[in-house]
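Throughout, protein chains are lettered first and strands after them, A, B, ... in sequence-line order, and every chain is numbered starting at 1.
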Number of protein chains: 2
Amino acid sequence: MSIKFAILGILSFQPSTGYELKKIIEDSSVMYWSGNNNQIYKSLVQLLAEGLATNEVRHQESAPSKKIYTITAEGLSELRSWTLSAPEPPEFKKSFLTQLAWADRLSPDELDGLLGIYEEEVGSRLFMQQEKTRRGDAFAPKRTPRETYLWTMIEENVHSFYLSEWQWVRNLRKELQNNDAFKEVKP
Amino acid sequence: MSIKFAILGILSFQPSTGYELKKIIEDSSVMYWSGNNNQIYKSLVQLLAEGLATNEVRHQESAPSKKIYTITAEGLSELRSWTLSAPEPPEFKKSFLTQLAWADRLSPDELDGLLGIYEEEVGSRLFMQQEKTRRGDAFAPKRTPRETYLWTMIEENVHSFYLSEWQWVRNLRKELQNNDAFKEVKP
DNA sequence: GGTGTCATGTAAACAGTTACATGATTTT
DNA sequence: AAAATCATGTAACTGTTTACATGACACC
């Protein structure tokens, strides 16, 4: 899936500038791109060329002028047919698991320290995700009861990703601490 | 994290050819690269240049000759210091969540169908992961009790990723089916 | 006779990140 | 005086995938 559909989706909710799209994508946990300029401004040019969006330049005093992009009817139908297309399976990148895979050369203390750092890192993501939901400051269209429910469940999904990772590492750490068989150091 | 450390890790367990590395990486759920030639053969050349591995060409009758790569002492110490370095936070890419985010334009039946396909897709990954563990055919060094435990917990982590996604989508689907407030169609 | 395994590599394309560039205004 | 916000864009690089290329043998 390309960033193009993420942009089309946002435009289907509200006309936006590249700058606004960047910010929305940047602090969304679901839309996983970094939200860098290169991708966004290039995609917008492409959407124009494909006739999926139009833009309108608005000049401003005391601020740079901006281009407000609006989705077209073709854009809406392209978006709709994409939402109906076969879903891609979920993927993860946990480089920490590869790190752990070769961590048997570490001493018990070194390993526990490593797990501690990971626990903290994951814990802080978990906390930030909870805060975002609690404050309700996340970008979230709520046009129908169903849409509201869907967006709640999307945030719930992200939350449970971090929660289960956090529980997993805490449990692993505890087990390593409590079982003396794991404390033998390799020659 | 680059594929370089995944390769160094495997080499720290057993000397291997590029072809063998490719297969191990390809069917590992943890090492998330596609295992394509380009990356592997280039990385091996680089590891040689950095003195982290050496190779030995073995000519074979009735099969192409192969290059067996062996990790060096510097390679081992590089690997060790990497395992001690600050872990990266876990990441996910679930393009399906973005798809769902804009799915309120779909009819209840279309949405249920979409969720059904995702449920099946995730279910089959979950099943394959369980089978891999059950058959015990996954690549897994078991040199000490601790290493055995670590690799078990790594597989457990992958398993629970798919399991919680599966439970999430089943629950979402059921709720949408049971609550009539979600069955109103937008004008 | 076609497909699969063993085994190495290259070319081209696409996706994604970081950093650069400009410039006014507002906040600390 | 420095940093952040608004706003658009480009350049260079890295990472990743798909496809191409070769060739022998084994299995169905």
Phosphate OP1/OP2 of [N]: any [X] side-chain N/O under 4.0 Å:
| X | N | answer |
| --- | --- | --- |
| A:Ser34 | C:dT17 | yes |
| B:Ser65 | C:dA7 | no |
| B:Asn36 | D:dT16 | no |
| B:Lys93 | C:dA15 | no |
| B:Gln60 | C:dC6 | no |
| B:Tyr41 | C:dG9 | no |

Whole angstrom is fine here: how far is it from [atom1] in [X] over to [atom2] in [N]?
| X | N | atom1 | atom2 | result |
| --- | --- | --- | --- | --- |
| B:Lys66 | D:dT22 | NZ | P | 24 Å |
| B:Gln39 | C:dT8 | CD | P | 17 Å |
| B:Tyr19 | D:dT22 | OH | P | 19 Å |
| A:Trp33 | C:dC14 | CH2 | P | 18 Å |
| B:Ile7 | D:dG15 | CD1 | C1' | 14 Å |
| B:Leu21 | C:dG9 | CG | P | 12 Å |
| A:Arg58 | D:dC6 | CZ | P | 17 Å |
| B:Lys67 | C:dA7 | NZ | P | 14 Å |

Exercise for the section: Please lay out, stage by stage, how A:Thr70 and A:Glu56 fare under the test side-chain hydrogen bond (donor to acceptor under 3.5 Å, both in side chains). Expected result: CA-CA 8 Å; A:Thr70 306; A:Glu56 185 205 344; 5.8 Å; no
Handout entry: Evaluation steps, salt bridge (Lys or Arg N to Asp or Glu O under 4.0 Å), between A:Glu78 and A:Lys4
Key = CA-CA 11 Å; A:Glu78 174 82 1; A:Lys4 173 180 150 183; 3.7 Å; yes
Handout entry: From D:dG9, C:dT17, D:dT18, nucleotide with atom closest to A:Asn38 side chain
Key =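 Between D:dG9, C:dT17, D:dT18, the one nearest the side chain of A:Asn38 would be C:dT17.
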With a 4.0 Å cut-off on heavy atoms, is [X] in touch with a base, just the backbone sugar-phosphate, or nothing at all?
| X | result |
| --- | --- |
| A:Lys23 | sugar-phosphate |
| A:Lys22 | nothing |
| B:Ser2 | nothing |

Problem - Main-chain N/O of A:Ser16 paired to A:Lys66 side chain as donor or acceptor, under 3.5 Å - result: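 Here the side-chain-to-backbone pair does not exist.
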Exercise for the section: Taking B:Thr72 for its side chain and B:Gly75 for its backbone only, find out whether a donor-acceptor pair lies under 3.5 Å. Expected result: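 Such a contact is found between B:Thr72 side chain and B:Gly75 backbone.
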Exercise for the section: Check the pair B:Tyr162, A:Phe92 against side chain to side chain contact (heavy atoms under 4.5 Å, CB included), reporting the backbone distance first and the verdict last. Expected result: CA-CA 10 Å; B:Tyr162 290 116; A:Phe92 58 87; 4.1 Å; yes
Exercise for the section: Hey, which sits more toward the 5' end of DNA chain C by its nearest nucleotide, A:Lys42 or B:Val45? Expected result: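 Nearest nucleotide further toward 5': that of B:Val45.
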Problem - base_contact_polar (D:dG9 base, A:Asn37 side chain, donor-acceptor, <3.5 Å) - result: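 Answer yes: a donor N or O sits under 3.5 Å from an acceptor.
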